[in-house]
*Asks:* 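Have a look at the structure that comes next, please.
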Amino acid sequence: MRTPIVAGNWKLNGTRASVRSLAQSILDGLSSVHADTQVVVCPSFVHLGDVAAVLDGTRVALGAQDAADQEQGAFTGEVAAAMLAEYGCRYAIVGHSERRHVYGESDAFSAAKFAAVRAAGLTPIYCVGETLEDRENGATHAVVERQLRAVEQHDGVAGLDEAVIAYEPVWAIGTGRTATPEQAQDVHRFIRETLRNGASVNILYGGSVKPDNAAALFAMPDIDGGLIGGASLQADDFLAICAATRSE
Ligand code: 13P
């Protein structure tokens, strides 16, 4: 079922003290956020325990920023989805553009992570999105479709039924250059039409979402919420974005 979701991707930021304080400030301001809106925060792996302790028993869910494609074994440096579940994570971001484009992770590798996350009982927040070059070449839909099909090939068509999709155009991430609501809506509708059960899948927009542009994005018919980077590091900004979700 579609429900408004706003997830904060804290990326490589914070100290143990600062993430505890950020999580607490979000809890303190939650009354401004509609009860139907699912709020999620995704700290770095090493901060999960601290943030989990603050969020325990509240309506804010915990997510991880990545997960291994493997369950266990000799994979130095990796963190398995089952380990994340043990820390109370309900979500894990998979295929973020920084993993794909900064660290060179392929569609197939992202799809393997997706399957591992689902196998551990977590909900993948599966990121798709085109580069500026793709967009200028008119390849936006083709790139997004290829990224979705990679998961279907690895995990079967049913896998995406259980996921949250995040459309994050690479050119809009951390650049201050947001997709217009119409540009985002066009791709969100395309994703919904491409998915087998698109009508019931939550599709989030990510890329320079701020308090002053969130409401216009979230008002679009196929945008169910946001995946927020920079603005999720300030509790007031993040809460204002959470409060901008549609609440029907
Ligand atoms: P910004 O909101 O900083 O553009 O980051 C978006 C993002 O990458 C969320 O995953």
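For the numbers below, each heavy atom of this structure counts, side chains included, while hydrogens, waters and symmetry mates do not. Just follow the structure's listing: the first ligand is 1, and inside any ligand the first atom is 1.
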*Asks:* Could you tell me whether Ile173 and ligand 1 have an N or O pair separated by under 3.5 Å?
*Replies:*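 Min N/O separation from ligand 1 is not below 3.5 Å for Ile173.
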
*Asks:* Any Lys/Arg nitrogen of Arg149 or Asp107 sitting under 4.0 Å from an Asp/Glu carboxylate oxygen of the other?
*Replies:*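 Answer for the salt bridge query: no.
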
*Asks:* Verify the distance criterion only: is there a donor paired with an acceptor across the side chains of Glu133 and Trp171 at less than 3.5 Å?
*Replies:*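 No, no side-chain donor-acceptor contact under 3.5 Å.
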
*Asks:* Tell me the contacting part of Ser97 for ligand 1: side chain, backbone, both, or neither, using a 4.0 Å heavy-atom threshold, strictly below.
*Replies:*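 The answer is neither.
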
*Asks:* Considering only non-hydrogen protein atoms, determine which one is nearest to atom 3 (O) of ligand 1 and report residue, atom name and distance to 0.1 Å.
*Replies:*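 Result for atom 3 (O) of ligand 1: Gly230 N, 2.8 Å.
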
*Asks:* For atom 9 (C) of ligand 1, which protein heavy atom lies nearest, and how many Å away is it?
*Replies:*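 Looking only at protein heavy atoms, the one closest to atom 9 (C) of ligand 1 is Glu168 OE2, 2.9 Å.
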
*Asks:* Give the numbers and elements of all ligand 1 atoms closer than 4.0 Å to a heavy atom of Ala172.
*Replies:*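 Those qualifying, in numeric order: 4 (O).
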
*Asks:* Is Ala231 in contact with ligand 1, taking contact as a heavy-atom separation below 4.0 Å?
*Replies:*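 Distance cut 4.0 Å: Ala231 fails for ligand 1.
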
*Asks:* Would you kindly specify which portion of Asn9 sits under 4.0 Å from ligand 1, judged on non-hydrogen atoms: side chain, backbone, both or neither?
*Replies:*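 Side chain only.
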
*Asks:* Look at Lys113 together with Asp69 and state whether they make a salt bridge at an N to O cut-off of under 4.0 Å.
*Replies:*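 Salt bridge between Lys113 and Asp69, a charged N being under 4.0 Å from a carboxylate O: no.
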
*Asks:* Just distances here: any N/O of Ser208 and N/O of ligand 1 closer than 3.5 Å?
*Replies:*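 Yes, Ser208 has an N/O under 3.5 Å of an N/O on ligand 1.
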
*Asks:* Return a yes/no value for Gly174: is any of its N or O atoms, backbone included, closer than 3.5 angstrom to an N or O of ligand 1?
*Replies:*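 N/O-N/O distance below 3.5 Å exists for this pair.
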
*Asks:* Does a donor on one side chain and an acceptor on the other come within less than 3.5 Å for Glu130 and Tyr167?
*Replies:*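 Glu130 vs Tyr167: donor-acceptor pair found between side chains.
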
*Asks:* Please identify which atoms of ligand 1 are closer than 4.0 Å to at least one heavy atom of Gly207.
*Replies:*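 Selected atoms, number and element: 4 (O), 6 (C).
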
*Asks:* According to the salt bridge (charged side-chain N to carboxylate O under 4.0 Å, His left out) rule, which pairs have a member within residues 85-98, sequence neighbours left out?
*Replies:*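 Those involving residues 85-98 are Lys11-Glu98.
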
*Asks:* Under the salt bridge (charged side-chain N to carboxylate O under 4.0 Å, His left out) definition, can you give me all pairs with a residue in residues 204-215, not counting sequence neighbours?
*Replies:*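 Qualifying pairs: none.
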
*Asks:* Minimum heavy-atom separation for Ala92 and Leu122, please, with both atom names.
*Replies:*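 Distance-wise, the nearest heavy atoms are CB-CD2, 4.2 Å.
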
*Asks:* Between His96 and ligand 1, is there a nitrogen or oxygen pair with a distance under 3.5 Å?
*Replies:*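 Yes, His96 has an N/O under 3.5 Å of an N/O on ligand 1.
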
*Asks:* Please verify whether a non-hydrogen atom of Ala166 lies at under 4.0 Å from ligand 1.
*Replies:*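 The answer is no, since Ala166 has no heavy atom less than 4.0 Å from ligand 1.
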
*Asks:* Using a strict cut-off of less than 4.0 Å between a Lys/Arg side-chain nitrogen and an Asp/Glu carboxylate oxygen, indicate whether Asp222 and Arg192 qualify as a salt bridge.
*Replies:*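 The answer is yes: the pair qualifies as a salt bridge.
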
*Asks:* How close does the nearest protein non-hydrogen atom get to atom 2 (O) of ligand 1, and which residue and atom is it?
*Replies:*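 For atom 2 (O) of ligand 1, the nearest protein heavy atom is Gly229 N, 2.9 Å.
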
*Asks:* Which atom pair, heavy atoms only, marks the closest approach of Ala179 to Tyr205?
*Replies:*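 Minimum heavy-atom contact is N-OH, 3.0 Å.
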
*Asks:* If you have a sec, work out which protein heavy atom is nearest atom 5 (O) of ligand 1 and how many Å separate them, to one decimal?
*Replies:*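 Result for atom 5 (O) of ligand 1: Lys11 NZ, 3.3 Å.
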
